[in-house]
Amino acid sequence: MAENTLGTDTPVTINVPDRPALEGLEQKLTSRWEETKTYAFDENTTREQVYSIDTPPPTASGSLHVGHMFSYTQTDVIARYKRMTGKNVFYPLGWDDNGLPTERRVQNYYGVLCDPAIAYDPDFKAPEKPAKNQRDWPRISRGNFIELCEELATEDEKVFEQLFTTLGLSVDWSRTYRTIDAHSRKVSQLAFLKDLEAGNAYMAEAPTMWDITFRTAVAQAELEDKEREGAYHRISFHRPDGEKVWIETTRPELLPACVALVAHPDDERYQPLFGTKVTSPLFGVEVEVKAHPLAQPDKGAGIAMVCTFGDTTDVTWWRELQLDTRALIGRDGRFAKETPEWITSAEGRERYERMAGATVFSAQKAVVEMLVETGEMEGEPKKIMHPVKFYEKGDKPLEIVASRQWYIRNGGRDADRREKLIERGREMNWHPAFMRSRYENWVEGLNGDWLISRQRFFGVPFPVWYKLDAEGEPDYENPILPDAASLPIDPASEVPAGYTEDQRGVAGGFIADPDVLDTWATSSLTPQIATGWGVDDDLHSKTFPMDLRPQGHDIIRTWLFSTAVRAETLAGSVPWHNTALSGWILDPDRKKMSKSKGNVVVPNDVLDKYGSDAVRYWAASARLGADTAYDEGQMKIGRRLAIKLLNASKFVLNLGAIQDSVITSEQQAQVVTNELDRSVLARLATLVEEATRAFENYEYARALQISETFFWSFTDDYVELIKDRAYGARGEEEQASVLAALATTLDAMLRLFAPFMPFATDEVWSWWRAGSVHRAPWPTAEGYSAVVNGADAEVLPTVGLALGGLRKSKSEAKVKQRTEVKVATITADASSIARVRAGEADLKAAGNVAELNLVEGDVDELTVSDVELVVETEEAK
RNA sequence: GCGCGAUUGGCGCAGCGGUAGCGCGCCACCUUGACACGGUGGAGGUCACUGGUUCGAUCCCAGUAUCGCGCACCA
């Protein structure tokens with residue numbers, strides 16, 4: 001197209017308010033956008049036209065945070081840009097209401113407990129008020145619990161949606177999902193069944209990281225190290241000849257669970273012992289001394305006690321050395337009540353009874369007391385600080401418990417898949433690029449497959465039953481699976497084909513898998529959920545793999561990685577082509593802002609105070625991946641810019657700068673003849689080119705910054721220079737030239753700023769254009785090619801420099817800027833003088849200069865000198 | 001231990017081989033007919049440090065320091 005990128009709308013009635021203001025724009029425009037479906041996705045489309053966004057589903061039960069405004073705005077800016085470049089933007093939003101936070105919130109809000117064993121009650125009504133005592137809370141079925149969750153989430157979501165629309169997110173609100181709704185459950189279960197069928201999901205009995213508070217297994221990605229005080233206890237094992245073997249341990253309570261001692265194969269101190277047996281202190285259990293390269297000679301005594309299971313290294317040794325299993329800590333975090341059969345001596349059994357049923361803490365106390373009694377511990381325990389593994393939401397150290405769990409192959413035990421996933425990571429464009437190394441670090445450090453089963457009640461249940469044999473034992477090898485068409489199902493209340501409800505739990509009958517899928521196992525499917533995988537093949541094929549995944553860098557190892565895993569197993573592709581990592585909001589002390597620190601700012605207050613465009617300006621000023629201090633100062637600047645945009649637009653439009661928006665660059669070239677005017681358009685063309693390039697690289701902050709810089713020079717210099725001419729002081733042709741340049745520039749500025757400040761720009765747009773700026777095309781440099789051809793972009797800044805010199809003289813003389821200059825001299829090199837000459841008439845008008853001497857000289861800088869001011873004296877007045 | 005990022009005027013940040021930029025704050029001035037929710041001008045930095053490459057380094061390379069983050073280890 002040879003047009004000037006001004007869109008295809010004919011001018012509408014000019015209607016510029018006398019006193020434009022930001023106040024009220026949010027409400028006015030959001031309802032207009034909703035009425036006209038400005039941001040609706042058009043299903044009648046091709047894949048090439050679509051730009052699809054895998055928006056992070058916020059935890060609806062969580063609190064609103066300025067961080068939400070920050071990262072969601074950054075995505076929205078990109079979405080708006082893409083829409084203006086002609087993309088059919090697929091921009092849905094989900095709500096994450098699947099998982100522990102929602103479970104706890106629903107429990108406490110209604111005063112109910114979920115019990116999957118209970119049948120669904122269609123007449124259930126939640127208690128009006130939660131009973132005071134948790135023991136009195138009614139137990140309800142999973143189905144009823146999910147309904148309550150949806151009910152409550154609906155309320156929570158309204159608050160979020162209100163915030164997000166006020167903020168101006170151009171989300172297609174007709175396309176929302178919840179991670180616990182029937183559609184998401186269906187996709188989640190279907191994906192699980194597909195993964196199971198393809199061998200990507202499997203069940204295994206294995207040592208598992210276990211949170212004793214939540215009574216559930218947790219995955220590697222949910223672990224967090226915390227520094228905790230511990231103590232080395234120096235304890236002696238006994239050789240057959242009576243010699244002592246000293247070991248050091250931080251967990252003496254695990255002595256009865258000891259299965260071996262391990263030292264490094266090259267450690268000469270212990271080489272003679274390898275293969276021999278020693279007996280444990282207190283309990284007199286025989287264990288073998290083994291060699292393994294993971295044992296560190298310089299750590300502790302150089303020889304370690306292996307227990308089932310004290311830490312992950314124990315698990316490695318246990319597996320690789322094929323040691324016995326003598327697990328004692330149960331799912332409640334207590335030692336087994338029964339004295340284990342491997343402790344045979346009467347003394348040993350007696351001693352175990354002193355710790356049977358005890359918590360880890362009490363058991364340790366008991367063991368230490370006994371060791372002191374028997375003299376098998378040397379000296380006092382040596383206190384140390386050491387990292388201990390915690391569930392990220394838990395406050396007690398994790399234990400390792402053997403249990404039957406579901407896993408998904410994620411490369412943790414499979415080098416080929418690991419390689420494949422790293423390769424997929426390299427197929428994605430990371431913004432910023434360096435974030436990819438975090439992904440690779442994580443993938444390379446995986447130490448096992450992804451544990452997806454959770455021993456919770458609320459969540460997406462595994463769509464699996466097991467046959468019970470004649471003894472009532474479940475057959476885990478041959479699970480009964482539902483038909484895909486029946487999904488979603490709840491196996492706890494639904495019956496597999498060919499069975500009846502009265503066979504549940506009965507020998508020869510069946511049982512349901514009791515577990516639910518980890519919340520990440522569903523969240524990892526947001527691209528599939530959002531694009532209608534398995535439900536709407538047409539939509540899916542036009543939107544997947546998605547174009548963009550925005551998210552925080554703190555959940556690369558969880559959300560980003562798990563999504564990559566599922567796309568690989570289910571589609572054999574990347575889930576998206578671009579991933580944009582937002583930074584964190586830091587408080588002014590440069591700590592991550594969080595609720596617990598009590599430094600949280602309420603988003604709605606901020607929006608009220610500064611306006612949405614201003615808040616967006618703050619968010620969009622930060623690059624992707626950059627942690628950013630919460631700074632209301634930046635919002636003030638954004639507000640100032642938005643107001644300036646309104647006022648400058650009002651001025652330009654009131655001058656009559658309102659050319660037809662379908663005028664071509666060629667036609668414009670006929671009109672815009674003044675060199676200063678051509679100069680500003682030449683600069684505009686460069687700006688458009690650079691801003692577009694920045695956006696294409698996801699550097700929206702740069703696009704904003706250069707647009708802003710241009711805009712201020714436009715208002716401060718150009719607009720000031722041309723006022724006289726624009727009023728017609730130098731004839732119609734000169735006036736026509738400047739008015740066309742003004743209209744063109746204003747039109748472009750509105751488009752350039754539209755992604756950042758959707759309210760102010762669309763408001764101005766409505767004063768003189770039809771439709772919404774958000775559906776107007778993004779400007780292109782080609783749109784200005786003819787009018788800019790041969791123009792000298794340096795005229796404006798050079799004349800601006802001269803104007804600055806005149807202003808400085810007046811400022812230093814402490815007189816009004818309007819003060820008349822009788823005469824002034826401008827000295828500069830030949831080309832600069834030529835440029836000043838091109839704008840001389842405007843310069844004289846703007847500086848109120850009667851006579852200007854332009855002097856060519858061999859100088860580096862343009863200078864303004866010999867300024868003679870006409871100073872009004874009191875008498876003259 | 002491995003890896004990533006940051007270090008630029010009081011503060012917040014750009015920039016990136018060719019004589020240091022922006023905004024806030026500060027100082028002085030100006031109610032000029034788009035805007036006082038404004039305008040004009042000004043002061044303020046040996047670009048963390050040490051080497052190297054180069055005609056030339058804030059920018060490239062190597063190393064050091066400090067801060068932040070990720071991963072791993074964790075007897």
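Quantities reported herein were computed from a predicted structural model and do not represent experimental measurements. We name chains A, B, ... by the order of the sequence lines, and we start the count at 1 in each one.
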(message) Please compare A:Asp860 and A:Met435 by the position of their nearest nucleotide in RNA chain B and report the one closer to 5'.
(response)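 It is A:Met435 whose nearest nucleotide is closer to the 5' end.
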(request) Nearest-nucleotide wise, let me know which of A:Ser621 and A:Trp712 is further upstream toward the 5' end of RNA chain B. (result)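 First, find each residue's nearest nucleotide; the 5'-ward one identifies A:Ser621.
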Euclidean distance for [atom1], [N] against [M] (whole angstrom):
N: B:G10; M: B:G44; atom1: P; value: 12 Å
N: B:G12; M: B:C71; atom1: P; value: 27 Å
N: B:G45; M: B:G21; atom1: P; value: 14 Å
N: B:U40; M: B:C55; atom1: C1'; value: 41 Å
N: B:U66; M: B:U50; atom1: C1'; value: 15 Å
N: B:A20; M: B:U46; atom1: P; value: 13 Å
N: B:C47; M: B:G15; atom1: C1'; value: 11 Å
N: B:G18; M: B:C11; atom1: P; value: 27 Å

What's the [atom1]-[atom2] distance between [X] and [N], to the nearest Å?
X: A:Leu586; N: B:C67; atom1: CG; atom2: C1'; value: 12 Å
X: A:Lys814; N: B:C27; atom1: NZ; atom2: C1'; value: 10 Å
X: A:Lys636; N: B:C11; atom1: NZ; atom2: C1'; value: 13 Å
X: A:Leu446; N: B:G3; atom1: CG; atom2: P; value: 19 Å
X: A:Asn647; N: B:A36; atom1: CG; atom2: P; value: 7 Å

(request) Please determine which of A:Arg616, A:Lys636, A:Glu632 meets the side-chain hydrogen bond (donor to acceptor under 3.5 Å, both in side chains) test together with A:Tyr610. (result)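 The residue from A:Arg616, A:Lys636, A:Glu632 that satisfies side-chain hydrogen bond (donor to acceptor under 3.5 Å, both in side chains) with A:Tyr610 turns out to be A:Glu632.
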(message) Would the distance check show the side chain of A:Asp613 and the main-chain N or O of A:Phe759 forming a donor-acceptor pair, the cut-off being under 3.5 Å?
(response)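 Yes.
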Considering only heavy atoms and no angle criterion, is a donor-acceptor pair shorter than 3.5 Å present between the side chain of [X] and the base of [N]?
X: A:Arg438; N: B:G5; value: no
X: A:Asn441; N: B:G70; value: yes
X: A:Asp225; N: B:C73; value: yes
X: A:Glu720; N: B:A34; value: yes

(message) Run the salt bridge (charged side-chain N to carboxylate O under 4.0 Å, His left out) test against A:Lys650 and tell me which residues pass, sequence neighbours left out.
(response)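 Salt bridge (charged side-chain N to carboxylate O under 4.0 Å, His left out) check on A:Lys650 returns nothing, list empty.
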(request) Quick one: sort the A:Tyr698 and A:His431 rings into parallel, tilted or perpendicular, breaks at 30° and 60°. (result)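 A:Tyr698 and A:His431: parallel rings.
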(message) Please confirm whether the ring centroid of A:Phe756 lies under 6.0 Å from the ring centroid of A:Phe695.
(response)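 Yes.
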Give one of base, sugar-phosphate or nothing for [X], where a contact means two heavy atoms less than 4.0 Å apart.
X: A:Leu294; value: base
X: A:Ile637; value: sugar-phosphate
X: A:Ala295; value: base
X: A:Arg639; value: base
X: A:Lys810; value: nothing

Atom pairs and distances, donor-acceptor, side-chain atoms in residues 640-647 of chain A, under 3.5 Å, two or more places apart:
from     : atom 1 : to       : atom 2 : distance (Å)
A:Asn647 : ND2    : A:Ile643 : O      : 3.3

(request) Dot-bracket notation for RNA chain B is requested: 5' to 3', Watson-Crick or G-U wobble pairs only, both distances under 3.5 Å, with ( ), [ ], | and . as defined. (result) (((((((..((((....[..)))).(((((.......))))).....(((((..]....))))))))))))....
(message) Looking at A:Glu399 and A:Arg251, is there a salt bridge between them, counting it only when a charged N and a carboxylate O are closer than 4.0 Å?
(response)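 Answer for the salt bridge query: yes.
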(request) Inspect the contact between A:Glu419 and A:Arg426 and indicate whether a charged nitrogen and a carboxylate oxygen are less than 4.0 angstrom apart. (result)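 Salt bridge flag = no for A:Glu419 with A:Arg426.
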